[in-house]
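Below is one structure, written out as structure tokens; comments come after it.
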Amino acid sequence: MDVRLEGDGVTLRPWAERDLPQLVAVFDHPEMAHRLPVPAPFDRVAAETYLDRARRAEEAGDRIYLAITSGDDLARGEVMLNLAARTIGYAVGPAYRGQHLASRALRLLTAYAHVVAGLPTVYLEIEADNAGSMAVARAAGYRQTPDESVFVEDKGRRYALRRWAHTEPSTAT
């Protein structure tokens, strides 16, 4: 599935082999390793493994991984749609924050999820102490649900994820 989305000053496009150095630049940071299920350090081998897993998930029709670019072809982050779980994940490299890339990319992928993928509601799962991610969610029109937090363990760290939802305007009640 070769998805490419453009709008609001961002382009979401598939990752490519040429992006491997930039994939390292985006994900090889302590905060990224803390918040995301990625290895640390995130080196060239980790980037190759990540890209291979992403491609296999896309080929299976399970997920869509897209690089976030803006004004040029340089990947500054990623958005991912998990079709089975109806969830979206996003990450912007620390060097590229403060440009509203995550919220713009999230709005684009959310619209794709509703209109093209046919998902009337999509979700985000955000740690309670991740104020930046919660601001992105709000800016993209998501609202926290009353659902109980889900507890996850990754790399020896146990943490709670709160669920946020976005319902397609035509199906909202």
Side-chain angles (χ1 to χ4, degrees), residues 1-55 57-58 63-82 85 87-114 116-117 122-144 152 154-155 157 159 161-162 164 166:
M1 182 178 333
D2 197 24
V3 175
R4 182 180 180 92
L5 305 172
E6 295 184 45
D8 200 12
V10 294
T11 299
L12 308 180
R13 62 158 177 82
W15 287 103
E17 293 293 325
R18 71 180 184 279
D19 293 316
L20 288 171
Q22 192 59 18
L23 195 57
V24 171
V26 167
F27 285 112
D28 189 33
H29 188 275
E31 183 186 351
M32 299 298 258
H34 177 73
R35 297 276 184 205
L36 303 171
V38 297
F42 193 90
D43 57 14
R44 173 79 180 214
V45 172
E48 290 170 351
T49 301
Y50 184 88
L51 188 56
D52 182 58
R53 277 198 333 260
R55 285 185 175 152
E58 287 173 341
R63 297 177 185 207
I64 300 168
Y65 292 82
L66 300 170
I68 302 170
T69 67
S70 178
D72 57 24
D73 201 43
L74 182 70
R76 292 168 172 81
E78 172 182 80
V79 286
M80 181 275 300
L81 172 61
N82 180 324
T87 58
I88 293 177
Y90 48 89
V92 171
Y96 307 107
R97 294 187 184 155
Q99 304 169 44
H100 306 284
L101 294 170
S103 59
R104 292 186 283 154
L106 180 57
R107 281 191 294 269
L108 265 181
L109 192 56
T110 298
Y112 174 90
H114 290 320
V116 179
V122 287
Y123 300 94
L124 309 174
E125 295 173 334
I126 302 173
E127 283 187 75
D129 69 343
N130 193 339
S133 192
M134 288 186 276
V136 167
R138 283 186 199 96
Y142 281 76
R143 299 291 172 249
Q144 190 172 339
V152 176
D154 180 50
K155 295 179 267 196
R157 185 172 79 92
Y159 53 95
L161 295 174
R162 294 194 178 150
W164 293 66
H166 189 282

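Side-chain atoms are counted along with the backbone in the values below, which use heavy atoms only and exclude waters and symmetry mates. All residue numbers in this chain count up from 1 along the given sequence.
With sequence neighbours excluded, the residues forming a side-chain hydrogen bond (donor to acceptor under 3.5 Å, both in side chains) with E6 are R4, listed by chain and number. Taking the side-chain hydrogen bond (donor to acceptor under 3.5 Å, both in side chains) definition, one finds that R162 meets it with nothing, sequence neighbours left out. With sequence neighbours left out, the side-chain hydrogen bond (donor to acceptor under 3.5 Å, both in side chains) criterion links R143 to no other residue.
The shortest side-chain heavy-atom distance between L161 and E127 falls under the 4.5 Å cut-off. The closest side-chain heavy-atom distance from W15 to R55 is not below 4.5 Å. Residues V79 and I68 are in side-chain contact: their nearest non-hydrogen atoms beyond the backbone lie under 4.5 Å apart.
A perpendicular orientation is assigned to the rings of F42 and Y50, their planes being inclined by more than 60° (bins at 30° and 60°).
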Name the atoms and distances for all side-chain donor-acceptor pairs under 3.5 Å in residues 103-110, with sequence neighbours left out.
| unit_1 | atom_1 | unit_2 | atom_2 | d |
| --- | --- | --- | --- | --- |
| S103 | OG | H100 | O | 3.2 |
| R104 | NE | H100 | O | 3.2 |
| R104 | NH1 | D8 | O | 2.9 |
| R104 | NH2 | Q99 | O | 2.8 |
| R107 | NH1 | A139 | O | 2.9 |
| R107 | NH2 | D8 | OD2 | 3.0 |
| T110 | OG1 | L106 | O | 2.7 |
| T110 | OG1 | Y142 | OH | 2.7 |

Identify every side-chain donor-acceptor pair in residues 89-96 under 3.5 Å, counting partners at least two apart or on other chains, and give the distances.
| unit_1 | atom_1 | unit_2 | atom_2 | d |
| --- | --- | --- | --- | --- |
| Y90 | OH | S133 | O | 2.9 |
| Y90 | OH | S133 | OG | 2.7 |
| Y96 | OH | Q22 | NE2 | 2.7 |

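Residues D129 and R35 are paired through a salt bridge, judged by an N-O separation under 4.0 Å between the basic side chain and the carboxylate.
No donor-acceptor distance shorter than 3.5 angstrom exists from the side chain of E78 to the backbone of Y65, with no hydrogens or angles considered.
Among pairs with a residue in residues 88-97, those fulfilling salt bridge (charged side-chain N to carboxylate O under 4.0 Å, His left out) read E31-R97, at least two apart in sequence or across chains.
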